[in-house]
There are 4 protein chains.
Amino acid sequence: MKRKLRMGMVGGGAGAFIGEVHRIAARMTGEIELAAGVFGTDREKSLACGRDCYVPEDRIYQDYQTMVAAEAALPGDRRIDFAVICTPNRWHFPIAQAFLANGFDVMCEKPVAMSSAEAEELRRLTVERRRIFGLMHNYTGFPMVKQARRLIADGELGQLRKINVEYSLGWLAAPNAGKQAAWRVDPAQAGISGCMADIGTHAENLINYVTGLRITELSAELATFVEGRRLDDDGSVLLRFDNGARGLIFASEVSTGEENNLILKIYGDRAALEWRAQTPEDLIIRSNDAPIRILRRGWPGSGAEAAAASRLPAGHPEGFLEAFANIYSAFAEAVRSRQPGDFPGIDAGVSEMKFLEAIVANHAGDRKWTAMR
Amino acid sequence: MKRKLRMGMVGGGAGAFIGEVHRIAARMTGEIELAAGVFGTDREKSLACGRDCYVPEDRIYQDYQTMVAAEAALPGDRRIDFAVICTPNRWHFPIAQAFLANGFDVMCEKPVAMSSAEAEELRRLTVERRRIFGLMHNYTGFPMVKQARRLIADGELGQLRKINVEYSLGWLAAPNAGKQAAWRVDPAQAGISGCMADIGTHAENLINYVTGLRITELSAELATFVEGRRLDDDGSVLLRFDNGARGLIFASEVSTGEENNLILKIYGDRAALEWRAQTPEDLIIRSNDAPIRILRRGWPGSGAEAAAASRLPAGHPEGFLEAFANIYSAFAEAVRSRQPGDFPGIDAGVSEMKFLEAIVANHAGDRKWTAMR
Amino acid sequence: MKRKLRMGMVGGGAGAFIGEVHRIAARMTGEIELAAGVFGTDREKSLACGRDCYVPEDRIYQDYQTMVAAEAALPGDRRIDFAVICTPNRWHFPIAQAFLANGFDVMCEKPVAMSSAEAEELRRLTVERRRIFGLMHNYTGFPMVKQARRLIADGELGQLRKINVEYSLGWLAAPNAGKQAAWRVDPAQAGISGCMADIGTHAENLINYVTGLRITELSAELATFVEGRRLDDDGSVLLRFDNGARGLIFASEVSTGEENNLILKIYGDRAALEWRAQTPEDLIIRSNDAPIRILRRGWPGSGAEAAAASRLPAGHPEGFLEAFANIYSAFAEAVRSRQPGDFPGIDAGVSEMKFLEAIVANHAGDRKWTAMR
Amino acid sequence: MKRKLRMGMVGGGAGAFIGEVHRIAARMTGEIELAAGVFGTDREKSLACGRDCYVPEDRIYQDYQTMVAAEAALPGDRRIDFAVICTPNRWHFPIAQAFLANGFDVMCEKPVAMSSAEAEELRRLTVERRRIFGLMHNYTGFPMVKQARRLIADGELGQLRKINVEYSLGWLAAPNAGKQAAWRVDPAQAGISGCMADIGTHAENLINYVTGLRITELSAELATFVEGRRLDDDGSVLLRFDNGARGLIFASEVSTGEENNLILKIYGDRAALEWRAQTPEDLIIRSNDAPIRILRRGWPGSGAEAAAASRLPAGHPEGFLEAFANIYSAFAEAVRSRQPGDFPGIDAGVSEMKFLEAIVANHAGDRKWTAMR
């Protein structure tokens with residue numbers, strides 16, 4: 001008989017916005033229960049968080065190593081089915097490695113690691129152990145993003161020419177932006193990039209997901225506007241794609257007054273599309289020979305993939321959590337079926353790390369273009 | 001020690017949109033588990049739905065009478081804490097009556113009953129049995145609706161003068177709009193009104209919630225555009241309020257092409273506000289002496305009530321399910337604390353029934369105004 | 001050989017917003033020169049205004065009676081071709097009467113007169129003297145309003161069911177709103193209505209222009225929110241049309257913070273349209289079986305009438321003045337050709353006065369409906 | 001006594017969109033009459049256009065050389081006051097040179113010439129002959145662009161950090177886009193750049209006008225998506241400014257379905273602004289510590305410069321032609337007063353040519369940055 005999947009969480013204690021998002025999204029599926037975890041490095045806070053989430057006391061662990069060992073020792077009808085990793089970037093790799101190596105499936109926050117070498121090692125392990133690896137690029141969970149992908153796959157836009165992605169937010173405009181901000185601009189915890197790792201990777205992933213194109217070369221300008229900050233808080237990247245299309249990613253965390261303004265625009269030779277994360281129910285289609293069309297989630301013109309990722313009738317707005325939960329639903333289905341599903345995996349993780357490495361390398365030099373392999 | 005509340009559901013089987021919404025919203029809170037239910041009148045479908053939701057087989061009941069009796073007979077540590085009623089209108093009253101009379105708290109879909117007399121009987125029972133009664137007017141759960149209420153309570157709009165609410169949707173524009181539509185225009189199941197009962201009541205409730213004003217008189221024109229339909233599918237209501245303000249509710253289910261376009265505009269002598277259910281994160285403030293301001297959920301200018309009803313940082317859109325879940329969170333807290341909370345209750349139910357009765361009476365006559373008492 | 005038409009103006013001196021609008025719009029056509037005028041009752045200001053507009057000194061007249069006499073006495077190659085009347089309402093009738101009676105064509109501000117009797121007398125004169133009479137309802141000059149009319153005429157919306165017009169502005173929210181406001185709420189100068197005469201008539205005219213439907217019955221609630229004001233500053237009107245459609249006009253001049261928020265929504269059984277005067281380049285089309293379409297001025301999907309009323313490529317916004325100038329262009333063409341054209345005339349004037357009289361009569365009584373004949 | 005200025009036009013005959021725009025804008029001012037011209041190289045068409053515009057037959061000239069000579073020979077009370085040049089780029093320089101050299105003021109379409117050397121020669125002549133030189137970058141004429149400049153000058157945005165300008169249109173997405181398109185991608189007529197010369201220069205000019213910053217270095221990627229086209233139809237330019245700010249201009253004429261989508265976003269360390277040419281009445285202000293504010297033309301929050309550039313009350317939309325006319329009004333005032341005014345002049349022309357030359361040079365090489373001097 002069907003049972004809920006058991007999820008274990010590493011990271012995501014009180015104060016970490018994204019941990020609670022993972023928990024709500026997992027609950028929304030109705031398919032997953034939170035069964036174990038290490039909710040941060042502060043033991044007291046971890047216990048408090050676990051209790052709040054109705055996790056049995058004996059499965060709120062001291063650290064991830066203990067958790068892996070203890071869960072691996074549990075019988076199959078109690079053991080967690082998969083681990084969710086929502087720590088700062090620094091720990092993604094060792095934790096994912098440990099769970100994979102012990103036979104657990106993994107859902108990991110982005111960026112997947114600190115380097116492409118780490119990402120490739122996770123890919124090796126995932127394949128070797130036949131694990132399901134999910135990478136939480138939640139924007140791919142939006143119904144109208146799926147619809148965008150469908151339109152492009154169906155050739156509705158014709159030959160793709162230009163892809164522009166903007167991701168603006170202002171939360172790092174001032175020097176002190178709180179604890180969650182702090183680790184994101186600390187190289188020891190965040191890695192080789194700040195802004196680009198935090199949000200530029202969403203742009204890269206979204207482009208790959210929607211268009212299927214791969215970046216072949218890029219030219220980047222990173223900037224650090226806040227004095228003393230050690231990583232980029234802003235950047236622009238010119239892109240060349242494998243089909244000859246050009247593109248542009250501009251991401252900033254010092255865009256004063258912007259909340260999470262992610263905008264995707266894709267121009268083909270027949271038509272173009274625009275999707276905005278803050279009004280995610282609309283997919284705007286433009287062409288030179290017809291009126292503007294706005295495809296709406298749940299409305300005629302929006303197809304099967306979008307419908308499958310939808311919970312409500314048109315006009316009742318769905319948002320970020322629903323998209324997040326869609327990733328979890330697809331991941332849960334993959335965990336059950338042992339088949340790949342419609343969510344970013346470890347390949348996307350390798351890609352995002354190569355993207356970051358190419359940006360940082362290009363920025364450091366004075367040649368215009370750097371290949372991305 | 002804290003435990004999750006146990007919820008029992010009547011109605012809401014497969015095909016009924018709102019039942020699944022209740023279940024997702026309840027899950028989102030993390031505080032509620034679905035423990036029992038009758039998921040429609042078709043036994044097989046009810047069983048399938050219950051199993052899908054991990055409800056133990058022995059608590060998927062034949063009918064609500066059996067359910068009330070069986071649950072009342074269970075020990076306190078197994079018995080449901082409250083019942084959710086999401087059947088067609090016709091059954092709200094007897095089911096709510098049965099649960100209340102047996103000591104259960106109740107969360108009920110709107111409109112609460114078939115008449116104000118029934119609503120008043122539920123109010124009597126609720127008070128007599130000291131029960132918690134929740135009425136699911138979900139729009140009151142939106143953070144920026146709460147912010148609107150706060151601004152008005154703080155006098156930011158000055159003396160209120162004009163209140164306009166539009167609720168347009170097009171799903172009943174054609175004669176056959178499916179099973180869910182069918183009962184809504186069947187007097188035996190829906191009651192004395194179709195469109196006004198289905199969505200006009202949301203408008204009335206929203207006005208009461210946000211402004212605290214009461215309607216004293218109204219003038220109504222109902223219409224039935226689809227031939228053979230036996231209840232209104234459209235209507236306009238002119239309103240007079242107890243403070244001298246005037247208002248307008250226009251609701252339609254034959255507004256071709258509209259999804260769920262609910263718009264609230266309130267004008268005071270100092271400032272005005274506008275809130276739209278399809279872009280619920282914005283609260284637009286206008287005045288004659290300042291630029292337009294858009295207050296955003298999670299952003300400076302949005303206060304404590306909105307923040308408490310919020311799960312995500314600004315710019316990550318929340319929507320309908322989150323608002324729905326806010327009603328459940330507040331209801332759950334009330335069930336635990338036995339104190340009233342920030343959600344519509346049985347008084348709102350009595351009010352909405354008097355509103356409907358006044359509309360129908362006014363429409364039937366040729367005098368301009370009908371008092372609403 | 002072609003020559004510019006000569007225009008004479010009565011009213012519209014410094015401080016009167018609409019006079020300058022008429023002059024700019026007339027200039028935009030390139031077909032009209034301002035040749036004579038009485039620019040208000042203050043002789044010095046009138047002279048200053050006329051000189052500013054390059055009107056020869058000897059044709060800046062003392063009063064309209066002098067102007068009619070003097071212009072009628074001029075030879076045909078100097079005499080004005082038509083008179084524009086942009087005084088307060090009170091003087092529309094006598095001035096129009098004088099010019100018509102002396103053989104001049106007339107362009108008049110709305111509302112055309114103080115009563116339907118006056119309007120009918122102007123109609124009689126217009127017909128008798130075979131004059132061209134233009135009534136400045138400028139919203140009918142917008143390209144996408146013309147496109148809306150075209151779509152309805154072509155049956156794109158199917159059978160019309162519901163017509164809602166909102167016109168909100170806030171300029172009269174406070175007691176003292178300046179000189180231009182003062183006469184609009186003075187019965188001696190404005191007539192039997194304030195808000196409804198000033199902006200409600202635009203709504204009535206727009207509905208007639210776009211749909212071709214006639215109002216058969218109405219029910220009205222007028223309000224005066226500012227103490228001591230002698231005419232309505234707000235009102236709502238329920239409408240019944242000759243084809244069975246229902247409608248709603250709600251207009252307010254105390255809608256704090258609103259600028260000139262005119263919104264037209266028309267629902268048919270096949271599709272619906274929405275047009276907003278503040279974003280006039282868009283015509284939104286909705287239906288139950290297709291994505292939202294936004295028809296844009298100058299873009300495929302927008303037809304011949306809109307194109308003919310357009311000066312710029314799509315994406316270069318046109319606005320209020322261009323619409324106004326379109327009325328002038330059509331009027332100028334009618335003056336030259338002696339044929340009726342695509343602009344509101346004296347029939348629209350009679351209609352708007354009957355509309356106002358029906359509203360005021362209905363408001364004064366306690367019966368719900370008043371016929372409009 | 002005051003008189004209208006006499007304008008002569010070179011170019012702008014039938015079929016050339018921008019010529020008629022110049023004429024309408026000039027008429028709107030009420031200060032300018034079209035007195036002479038060469039309306040294209042086809043004599044018959046030129047005559048037809050001139051007659052249509054009421055230009056006396058004897059002042060519709062054969063070519064610009066004849067026109068310069070003939071007008072220079074006329075007495076001062078008949079001679080044109082200034083010449084407007086709206087030919088393809090190739091002829092801007094010789095025509096401007098001829099008029100300047102003969103003592104006429106000049107209003108010229110952009111880009112001002114074919115090279116910065118030509119632009120500098122025009123600057124030399126302008127200074128030497130003490131002429132007024134206007135460069136038609138019409139976006140600087142919008143009231144809310146002036147308001148944006150005011151806010152930045154007042155320090156409301158703090159230290160500027162990031163400036164992003166997008167200008168997307170789709171008219172060149174297909175190979176054959178008509179006569180007006182043809183010359184814009186012909187190096188002999190357009191110069192060294194297509195898209196960047198046509199619309200990228202608007203972006204550069206707008207940035208300079210609004211911020212006062214100068215570009216010090218740039219990195220560019222030009223693209224030509226339509227096969228066989230000999231100039232760029234798309235490009236992205238990374239910018240570095242003299243105050244340390246960074247920026248981005250991305251312009252495309254193959255953005256299928258876009259009309260004239262010009263968007264300006266400027267981020268400072270205190271606040272940010274956004275202005276869109278298609279909704280030009282709004283200026284959106286964002287900051288990290290306050291709600292979004294939308295400043296509207298004609299409304300409190302919008303200051304003196306915007307008001308001076310405004311003709312209508314708030315809420316009656318003004319657009320492209322009004323902005324264009326504002327440039328003409330300021331230019332006319334400068335012609336009368338012999339004082340510089342608030343419109344782009346020959347310095348802006350030199351700047352735009354250096355901008356284009358730097359882009360083309362950078363694009364041709366593989367070094368990331370090119371200085372712009």
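Residue numbers begin at 1 in each chain, while the letters A, B, ... track the order of the sequences.
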(request) Using non-hydrogen atoms and a 4.5 Å limit, figure out which bit of A/F324 sits close to chain B: side chain, backbone, both or neither. (result)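 No part of it gets close to chain B.
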(request) Pick one of side chain, backbone, both or neither for A/W171, based on which atoms fall under 4.5 Å of a heavy atom in chain B. (result)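 Neither part.
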(message) Once side chain to side chain donor-acceptor pair (under 3.5 Å) is applied, do any residues pair with A/E57, and if so which ones, sequence neighbours excluded?
(response)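 Applying side chain to side chain donor-acceptor pair (under 3.5 Å) to A/E57 gives A/R51.
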(message) With chain A as the partner, which of B/E318, B/E31, B/R296, B/E20 has the greatest number of non-hydrogen pairs under 4.5 Å?
(response)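 The option with the most such pairs is B/R296.
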(request) Determine the option with the most heavy-atom pairs under 4.5 angstrom with chain A, choosing from B/A325, B/C53, B/P280, B/G30. (result)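 The residue among B/A325, B/C53, B/P280, B/G30 with the greatest pair count is B/G30.
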(message) Does any backbone or side-chain atom of B/Q278 lie under 4.5 Å from a heavy atom of chain A? Answer side chain, backbone, both or neither.
(response)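 Contact with chain A involves both backbone and side-chain atoms of B/Q278.
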(request) Please look at B/A277 and chain A and tell me whether the side chain, the backbone, both or neither of the residue comes under 4.5 angstrom of a heavy atom of that chain. (result)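 Contact with chain A is through the backbone of B/A277 alone.
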As an exercise, state the distance from [atom1] of [X] to [atom2] of [Y], rounded to the nearest 0.5 Å.
| X | Y | atom1 | atom2 | result |
| --- | --- | --- | --- | --- |
| B/T279 | A/E281 | OG1 | CD | 11.0 Å |
| A/I24 | B/L312 | CD1 | CG | 6.5 Å |
| A/F17 | B/R311 | CZ | CZ | 13.5 Å |
| B/L321 | A/H316 | CG | NE2 | 9.5 Å |
| A/E322 | B/M28 | CD | CE | 6.0 Å |

(request) Output all residues satisfying salt bridge (Lys or Arg N to Asp or Glu O under 4.0 Å) with B/D52, sequence neighbours left out; order by chain, then residue number. (result)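 B/D52: no salt bridge (Lys or Arg N to Asp or Glu O under 4.0 Å) contacts found.
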(message) Once salt bridge (Lys or Arg N to Asp or Glu O under 4.0 Å) is applied, do any residues pair with B/E274, and if so which ones, sequence neighbours excluded?
(response)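 Salt bridge (Lys or Arg N to Asp or Glu O under 4.0 Å) check on B/E274 returns B/R276, B/R286.
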(request) Under 4.5 Å, heavy atom to heavy atom: which of residues 249-259 of chain B reach chain A? Give them by number, or say none. (result)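 Result: B/G257, B/E258, B/E259.
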(request) Tell me, yes or no, whether the heavy-atom count around B/N176 atom CG, taken from other residues, nucleotides or ligands under 6.0 Å, exceeds 12. (result)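 Open: at most 12 neighbouring heavy atoms sit under 6.0 Å from CG of B/N176.
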